[in-house]
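Have a look at the structure below before the remarks.
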Amino acid sequence: MNSIIKLEILEKTFKKKDFSILNDFKLEVEPGERLSIIGESGVGKTSLLNIIGLLDTQYQGCYKLFDSSVKDLSRNKLAKWRNQKIGFVLQESALINSLTIEDNIKLPLMYANRKKDITIQDRFKRIVNKIGIEPILKKKPLDCSGGQRARAVFARAVIMNPQIILSDEPTASLDLENREKIINLLFDMNKEFNTTVITVTHDLDLANRHERIITLKRNE
Ligand SMILES: Nc1ncnc2c1ncn2[C@@H]1O[C@H](COP(=O)(O)OP(=O)(O)O)[C@@H](O)[C@H]1O
Ligand SMILES: [Mg+2]
């Protein structure tokens with residue numbers, strides 16, 4: 001099968017170029033794969049997700065996503081793909097505090113001009129129901145618990161039915177019951193829509209529920 005992600009990083013450096021991460025790192029991912037990424041803190045897991053998710057294009061290397069070379073994509077196209085093809089559950093994904101949870105979750109629809117899209121409205125209902133956040137839809141983020149906010153962030157990441165879902169420690173702030181709801185939604189999407197799932201986690205049980213685990217290591 002054709003890989004949707006073909007990534008070869010020579011190195012990633014930051015402004016102070018005195019150290020680098022992800023040296024000679026290669027990754028290919030097929031459509032519908034469930035991949036988890038583990039490794040000790042500071043090894044570069046979040047940086048790698050930022051690269052895969054097109055949030056960071058500053059690195060030495062070559063990245064083909066959906067058969068297009070990322071280097072050649074316009075800013076517009078990058079933004080569009082981030083909105084429509086990639087769902088990002090960041091470690092500290094901020095919700096907008098002045099908007100209700102419902103409006104936060106529907107934000108990607110606004111950007112894509114698809115607020116009235118009935119299919120997506122249906123998806124919205126299903127997702128919200130599945131992860132049990134109806135009671136907080138009209139609330140503002142600061143009136144919700146950390147676990148409720150984490151579930152809202154997740155709902156926002158999957159509302160556009162992205163082809164790839166990238167999650168950075170999605171279960172870190174959740175109790176067991178909500179952890180299970182999020183994991184089920186993630187894997188249901190994988191089954192139903194063949195969504196590619198890439199999850200960074202310290203939760204070894206969650207990692208083991210993926211088909212493939214890669215361990216990032218520090219440079220020798
Ligand atoms: N914007 C940045 N500027 C400088 N160093 C950074 C920046 N972002 C991350 N780093 C460094 O890169 C390394 C990898 O970070 P990160 O990808 O967040 O690791 P992980 O998610 O595995 O904990 C760490 O040493 C971190 O301090
Ligand atoms: Mg991290």
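Read the numbers this way: they start at 1 and go in the same order the structure lists the ligands and their atoms.
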Per-atom contacts of ligand 1 with Phe19, taking only distances under 4.0 Å to non-hydrogen atoms: 11 (C), 12 (O), 25 (O)

Thr46 near the Mg ion (ligand 2) via N/O/S, less than 2.8 Å: yes

Could you tell me whether Val43 and ligand 1 have an N or O pair separated by under 3.5 Å? yes

What atoms of ligand 1 come closer than 4.0 angstrom to any heavy atom of Ser41? 23 (O)

Which residues share a salt bridge (Lys or Arg N to Asp or Glu O under 4.0 Å) with Lys138, sequence neighbours left out: Glu102

Between Glu192 and Arg126, does at least one N-O distance fall below 4.0 Å, as a salt bridge requires? yes

Does Phe14 reach ligand 1 with a nitrogen or oxygen that is under 3.5 Å from one of the ligand's nitrogen or oxygen atoms? no

Would you say Leu48 has any N or O atom under 3.5 Å from an N or O of ligand 1, going by distance alone? no

Would you call Arg209-Glu180 a salt bridge at under 4.0 Å N-O? yes

Look at atom NZ of Lys85 and say whether more than 12 heavy atoms of other residues, nucleotides or ligands are closer to it than 6.0 Å. yes

Ring pair (Phe, Tyr, Trp, His ring centres under 6.0 Å) contacts touching residues 136-194 (sequence neighbours left out): Phe187-His210

Atoms in ligand 1 flagged as close to Thr46, the criterion being non-hydrogen separation under 4.0 Å: 17 (O), 18 (O), 20 (P), 21 (O)

Do we get Lys71 above Tyr63's six-membered ring, with its NZ or CZ under 6.0 Å from the centre and within 45° of the axis? no

